[in-house]
Amino acid sequence: MKKYHYLLLFLLFIAINGCEKEDITDAYEEATLSVSPESIIFDENDPNNNRITILSNVSWNIEVSNNALEIDKTEGEAGESTVTVTDIPVGQTYMLTVSTVKRNEEDKSVSKSVAVKRPAPTFTSETIYYDNLDKATWTGSSHPYLDQWDGYINATGTGADNIEYTGRTVKIQDNFPSTGYSGASRKNAFYFGGEGAYVTVNNIKLQSGQTTFQLSFGCCKYEGNFDTSADIKVYVSGEGSTQKQITYNRSTTNSWALASAVFTIQGTIPQTLSFTFVGNDYNIRMDDIKLVTSNQSTDQVLNFSPASQICVETPKTLISKSQYKYVTHFAETLTSKKHVRNYTACYDTYRHNPMWVAYPMHECYHEKGYGRTKPDPWRPDPKFAQSEQSIIYPSDWENWPWIPNDNKPTDLFYYWTPYNNIMYTKGHMLRSADRGGANSTMNIQTFYPTNIAPERYLYEEHWTKVEELLSDYWECPDTTYVVTGCYYENDNHKSYDASSWDTPTLGLSKECVIPTARYRVILRTKNGNLRKPISECSANEVMAIGFWFPQKIDDSNPGTTPALTEYAYSVSEIEQMIGGEFEFFPTAPEGVKDQKNLNDWPELNK
């Protein structure tokens, strides 16, 4: 009996120990893990290409080498699972490591790593604008100026659809073709005919995302080493903003060579760019102008944002209208050769007359006196279409100075028709004499329609006296800032342009609204020679004043002329009189525009 009991106990011990051993074996089954693929090239367009398949017999988790590597899950259970990489910075490679979770202290973890890469996009330079100037060759007797012939224009590129060339004393010539650099096109080239000659490439359209650019052009000098700081100066502007000079690199040889500049635009990216090339001597030539996108680093950073464009004399538009078009013209001073702002205009393309013209007054604008170009060089503003501006220039304006016709145009259809039997003259907003220098670009630009409005004052003496006081007494070394504007009480007073007296040009003349008044607002330092910007002056260091000039629009004939001081106002009052459309001198110290101290202005009361 005892033997039987011992046998049962022995069999029971074996059975129990056998079961425990089998259970322990199951608990420590080796962890398995497979991960595919072993590497991923991140695809921002298709998430399916960013998935990782995980197969494991135990739970798992994921660690990333950098938190910038983003995934949709960081852990999972036994079985088959997928993990998707949702983001990784451009140009980076990070590691993603999958590890099995240990079941106890004696368990072994298995790990697999996946490399995730997001390459930087391959940069491909895009041609925005390129012109080799070789569409056709001139066959006439002498080489034409660029405003006499456009057959050379051969502009291509994503932004070249509306390219326009404007300039002065620049010809298209093929007698010294470009050579010696990659891409030299050999045939036509721009020829600069003397100091101050310039050409502007207008309306190069930019695409969204384009911020860094490379400008290049071939150039040469007839004799002497080429000076990149003087022989050709390059300026860029965005949609009429203040021009900014850019520097470029080029060899010093006088032979043909390629010049190149890289620049970046920060802030507001303009829709269009314009480049102005100003020559410093005759016999300088230029060809193969090109603008491309770039990924090069550069310390030439430009900003065309509105806040960076504010000039003291530029009014701020408070009531925007689609019919208003703005333009800024630049020119070289005649002796010091400074590239300066000539004037800025707000032009009404419905009324076909200016709203205002803003300009600085300083001695640098008449370094060679107050000479006026003769004969009057009436011509269209090159930055406006004919339909946008008043046609107060002859049809053969391109033949100025009309030497074969005794210095006179061949037609007289460049006036307005009378209104109420009143003949309105073509009156400068910015006086021609205040941009002295016969035949200079600075003076010729004052004859654009954007600076001209119908003129017939109720009191002629008032307008003339203020013009004389401005140049004779109120101009100062600190710069005097002026805005001359037109006020339209209504749009009922209409005339027609492109007319000879009362005869319009059939099919060409259009309605032009006559202003019922003009005004002028003026700002300067009291001392006149503080040598610091207006924005840095205190209110008691600055003075401002405004004048109102009623126009004659009916047969009224005042017997006497009132004193000019009766038509002197504060700048704030002028703002109110014109309906609050514009704010003048927005950077002036607070309170200055409310002043009207007549004694501050020399000779005003005489």
Side-chain angles (χ1 to χ4, degrees), residues 310-321 324 326 343-348 351 353-361 427-431 434 451 453-455 457-470 474-475 479-490 493 513-526 534 539 542-553 561-601 604-605:
I310 294 177
C311 301
V312 174
E313 78 278 9
T314 304
K316 181 179 180 181
T317 301
L318 301 180
I319 302 176
S320 298
K321 295 184 180 179
Y324 293 166
Y326 301 85
Y343 67 85
T344 299
C346 171
Y347 196 81
D348 190 327
R351 295 180 173 120
N353 273 313
M355 292 303 296
W356 50 256
V357 175
Y359 51 94
M361 296 276 290
H428 283 68
M429 308 285 277
L430 161 61
R431 190 172 66 153
D434 290 327
N451 185 51
E455 179 180 287
Y457 297 107
L458 193 59
Y459 311 114
E460 296 281 352
E461 297 92 332
H462 287 178
W463 177 266
T464 302
K465 184 173 182 179
V466 172
E467 282 193 326
E468 292 173 349
L469 288 172
L470 257 174
W474 299 346
E475 181 184 290
T479 302
T480 301
Y481 302 98
V482 185
V483 180
T484 301
C486 293
Y487 172 66
Y488 303 87
E489 184 177 7
N490 54 57
H493 313 298
V513 179
I514 297 172
T516 51
R518 286 200 196 182
Y519 59 86
R520 180 167 277 153
V521 290
I522 306 165
L523 176 77
R524 52 159 282 182
T525 60
K526 291 180 180 180
I534 289 289
V542 182
M543 60 187 189
I545 197 169
F547 296 93
W548 190 260
F549 308 97
Q551 291 250 99
K552 184 178 176 66
I553 57 174
T561 298
L564 172 61
T565 53
E566 293 186 28
Y567 287 87
Y569 298 87
S570 71
V571 173
S572 296
E573 287 173 327
I574 298 290
E575 288 177 341
Q576 295 173 9
M577 293 166 72
I578 66 171
E581 283 195 82
F582 304 100
E583 178 187 356
F584 302 121
F585 312 129
T587 62
E590 186 176 356
V592 168
K593 296 193 301 179
D594 297 323
Q595 301 174 1
K596 191 182 68 174
N597 188 348
L598 303 183
N599 293 325
D600 284 341
W601 299 88
L604 176 58
N605 291 303

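Side-chain contact check for L470 versus D434: every heavy-atom pair is 4.5 Å or farther apart. Residues E581 and M355 meet the side-chain proximity criterion, which asks for heavy atoms closer than 4.5 Å. N599 places a side-chain heavy atom less than 4.5 Å from the side chain of N605. Inter-residue side-chain proximity for T317 and Y326 is flagged as met; some heavy-atom pair is nearer than 4.5 Å. Taking the side chain as every heavy atom from C-beta outward, F585 and I534 never approach each other to under 4.5 Å. Taking the side chain as every heavy atom from C-beta outward, L523 and E313 never approach each other to under 4.5 Å. Annotation: side chain of L598 is in contact with side chain of I545 (closest heavy-atom distance under 4.5 Å).
Atoms NZ and CD, from K526 and Q595 in turn, are 5.5 Å apart once rounded to the nearest 0.5 Å. Put simply, CD on E461 and OG1 on T561 are 4.0 Å apart, with the number rounded to the nearest 0.5 Å. Atom OH of Y569 sits about 4.0 Å away from atom CE of M577, to the nearest 0.5 Å. To the nearest 0.5 angstrom, Y488 atom OH is 6.5 Å from D348 atom CG. Atom CD1 in I553 sits 3.5 Å away from atom NE2 in H493 (nearest 0.5 Å). Rounding to the nearest 0.5 angstrom, the gap separating the OG1 atom in T344 from the CH2 atom in W356 is 6.0 Å.
In terms of heavy-atom proximity, W601 sits nearest to N597 at CD1-O, 3.4 Å. Nearest heavy atom pair, residue P454 against residue N353, reads CD-OD1, 3.3 Å. Closest approach of A539 to E590, counting heavy atoms only: CB-O, 3.7 Å. Between C486 and P354 the shortest heavy-atom distance is CB-O, 3.4 Å. Scanning both residues, V357 and A345, for their nearest heavy atoms gives CG2-CB, 4.1 Å. Taking each heavy atom of Q551 and E455 in turn, the nearest pair found is OE1-CA, 3.7 Å.
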**Study point:** side chain to side chain contact (heavy atoms under 4.5 Å, CB included) between V483 and F582, intermediate numbers included
**Key:** CA-CA 11 Å; V483 180; F582 304 100; over 6 Å; no
Point to revise | Worked verdict on L604 versus W474 for side chain to side chain contact (heavy atoms under 4.5 Å, CB included) | key: CA-CA 10 Å; L604 176 58; W474 299 346; 4.2 Å; yes
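Taking the centre of each ring, Y459 and Y567 come in below the 6.0 Å mark. For H462 and F547, the ring centers are positioned 6.0 Å apart or more.
Under a 3.5 Å cut-off, the side chain of S570 and the backbone N or O of E573 do form a donor-acceptor pair. Judged by distance alone, the side chain of T516 and the main-chain N or O of E489 form a donor-acceptor pair under 3.5 Å. The backbone N or O of F584 lies less than 3.5 Å from a partner atom in the side chain of K593, making a donor-acceptor pair. Judged by distance alone, with hydrogens and angles left aside, the side-chain atoms of R518 form no donor-acceptor pair with the main-chain N or O of W463 at under 3.5 Å.
Summarising the local packing, NZ of K316 is surrounded by 12 or fewer heavy atoms from other residues, nucleotides or ligands at distances under 6.0 Å.
Ring geometry for W548 against Y519 counts as parallel: the plane angle stays under 30°, on a 0 to 90° scale with 60° as the upper cut.
Side-chain contact annotation: S572 with D594, donor-acceptor N/O pair under 3.5 Å present.
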